[in-house]
Amino acid sequence: MKKYLMTVVAALAAASFTSCTNEIDMFESLTSEKATIDLNITNDNVMFTRAESNVSNTSSWYVKVGNNDQIQVSALSSQKYAAGDYTIAVSNYATEAAAITANQAYYSGSVDKTLVKGSNSVTVACGQAKNCRVKADLAGLADFSAITEAKLTVSQSEAPNRVLSTESTTGYFYAGTGKIINYDLDYKYNGVAAKTLHGSIANPAAAIEYQVKVTTNTNGTITLTVTYDTEFTTETAETITIDAATGEKAN
């Protein structure tokens with residue numbers, strides 16, 4: 001009789017444990033449902049098209065969801081997050097410094113989003129580029145044979161030096177940080193190295209192309225002009241005239 005009662009008690013205990021386990025499994029199954037992110041990114045390529053549009057290929061971009069590690073967007077589809085409030089930040093390079101090193105425009109943006117269980121559509125608008133660029137235009141020297149081997153060296157603290165020697169060469173630099181952009185124009189005058197001309201761009205602003213132009217007139221006077229372009233409307237920032245008779249900066 002005792003043996004029978006012990007068997008019944010054991011069976012009931014086993015049934016009770018199984019029932020409890022099933023409840024825990026069901027609870028874990030319900031609470032383990034996570035949020036996923038369907039990410040869209042837009043930016044305003046102001047230095048190129050002045051039109052905000054969707055980024056067609058975001059796989060190489062970077063995303064950071066809340067306090068989680070930054071990952072590439074290509075890995076986002078496999079990530080699951082607990083429901084809750086997050087700041088979702090994206091950028092086309094891991095850091096602005098990485099974009100500057102690569103000599104490319106830098107785009108970044110963020111949005112606060114409440115993620116719910118299941119798929120969440122998130123759009124982050126990055127706006128305009130966060131850095132600026134300097135472009136050399138030395139085509140104006142083509143008709144003045146006395147000046148040869150002209151090149152513009154552009155520098156900024158914490159940014160690599162850029163040697164710009166053709167009309168199409170462009171260098172990207174930090175903007176909105178108060179870091180001055182310095183430039184040096186080196187050239188030869190009648191085959192002899194001339195004195196280096198120095199200039200600078202104070203307080204460079206984001207999403208602006210600064211153009212350094214060197215031109216000559218029919219008398220051989222050489223003019224170095226620094227301009228900037230916000231919406232492809234050019235304004236003169238500085239003009240340096242080179243004396244055609246001596247090849248040096250005119251007073």
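If you're wondering where the values come from, they're calculated on a predicted model, not measured in any experiment. The first residue of the sequence shown is numbered 1, and numbering continues consecutively from there.
Scanning both residues, Asn161 and Ser155, for their nearest heavy atoms gives OD1-CB, 3.1 Å. Across all non-hydrogen atoms, the minimal contact from Tyr107 to Ala105 is CE1-CB, 3.8 Å. In plain terms, the two heavy atoms of Phe173 and Ala159 that are nearest each other are CD2-CB, 4.1 Å. The two residues Leu115 and Ile37 have their closest heavy-atom pair at CD1-CD1, 4.0 Å. In plain terms, the two heavy atoms of Tyr210 and Pro204 that are nearest each other are OH-CA, 3.3 Å. Leu164 and Leu138 make their closest contact through O-CD1, 4.2 Å (heavy atoms, listed as atom of the first residue, atom of the second, distance).
A continuous path of Ile, Leu, Val, Met, Phe, Trp and Tyr side chains, each step under 4.5 Å between heavy atoms, connects Val111 with Ile71, placing both in one hydrophobic cluster. The same ILVMFWY cluster, assembled from side-chain heavy atoms under 4.5 Å apart, contains both Val124 and Tyr86. Hydrophobic clustering (ILVMFWY, side-chain heavy atoms < 4.5 Å, transitive): Tyr93 and Val73 are in distinct clusters. In this structure, Ile147 is a member of the same hydrophobic cluster as Tyr183, with clusters built from ILVMFWY side-chain heavy atoms closer than 4.5 Å.
Judged purely by atom type and a 3.5 angstrom limit, Gln70 uses its side chain to pair as donor or acceptor with the backbone of Ala94. Formation of a donor-acceptor pair under 3.5 Å by the Asn68 side chain with backbone atoms of Lys64 is not found in this model. Checked by atom type and distance alone, the side chain of Ser78 pairs as donor or acceptor with a backbone atom of Ala75 at under 3.5 Å. No side-chain donor-acceptor contact under 3.5 Å links Thr58 to the backbone of Trp61.
Here NZ of Lys188 is found 6.5 Å from OG1 of Thr148. Values are rounded to the nearest 0.5 Å. In this structure, OG1 on Thr153 lies 10.5 Å from NE2 on His198, to the nearest 0.5 angstrom. Rounded to the nearest 0.5 Å, atoms OG1 (Thr123) and CG (Asn40) are 4.0 Å apart.
Within a 6.0 Å sphere centred on CG of Asn190, other residues, nucleotides and ligands contribute more than 12 heavy atoms. Within a 6.0 Å radius of NZ in Lys151, other residues, nucleotides and ligands contribute 12 heavy atoms or fewer.
For the pair Val154 and Ile181, the minimum side-chain heavy-atom distance is below 4.5 Å. No side-chain heavy atom of Asn43 sits less than 4.5 Å from a side-chain heavy atom of Ile41. Inter-residue side-chain proximity for Val134 and Thr170 is flagged as unmet; no heavy-atom pair is nearer than 4.5 Å. Contact check for Arg162 versus Asn103: side-chain heavy atoms found under the 4.5 Å cut-off. A heavy-atom distance below 4.5 Å is found between the side chains of Tyr106 and Asn92. In this structure, the side chains of Gln72 and Ser60 come closer than 4.5 Å at one or more pairs of heavy atoms.
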Please walk me through it: do Asp112 and Asp85 pass side chain to side chain contact (heavy atoms under 4.5 Å, CB included)?
CA-CA 7 Å; Asp112 292 331; Asp85 296 331; over 6 Å; no
May I have the step-by-step check of side chain to side chain contact (heavy atoms under 4.5 Å, CB included) for Ile100 and Asn131, ending in yes or no?
CA-CA 8 Å; Ile100 296 292; Asn131 53 359; 3.7 Å; yes
Would you check, one step at a time, whether the test side chain to side chain contact (heavy atoms under 4.5 Å, CB included) holds for Ser119 with Asp38?
CA-CA 7 Å; Ser119 179; Asp38 179 14; 4.3 Å; yes
Applying side-chain hydrogen bond (donor to acceptor under 3.5 Å, both in side chains), run through Thr42 and Asn54 and close with a yes or a no.
CA-CA 4 Å; Thr42 66; Asn54 289 327; 5.4 Å; no
Start with the C-alpha distance between Tyr62 and Val90, add both sets of side-chain angles, then the distance that settles side chain to side chain contact (heavy atoms under 4.5 Å, CB included), and finish with yes or no.
CA-CA 5 Å; Tyr62 290 82; Val90 302; over 6 Å; no
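Asp184 and Thr196 form no side-chain donor-acceptor contact under 3.5 Å, judged by distance and modelled atom types alone. Side-chain atoms of Glu158 and Gln156 form no donor-acceptor pair, as typed in the model, at a separation below 3.5 Å. Side-chain contact, Asn182 with Ser200: no donor N or O sits under 3.5 Å from an acceptor N or O.
Note that Lys34 lies outside the cation-pi zone of Tyr81, set by a 6.0 Å cut-off to the ring centre and a 45° limit from the axis.
Of the charged side-chain nitrogens involved, none lies within less than 4.0 Å of a carboxylate oxygen, so that Glu96 and Lys130 do not count as a salt-bridged pair.
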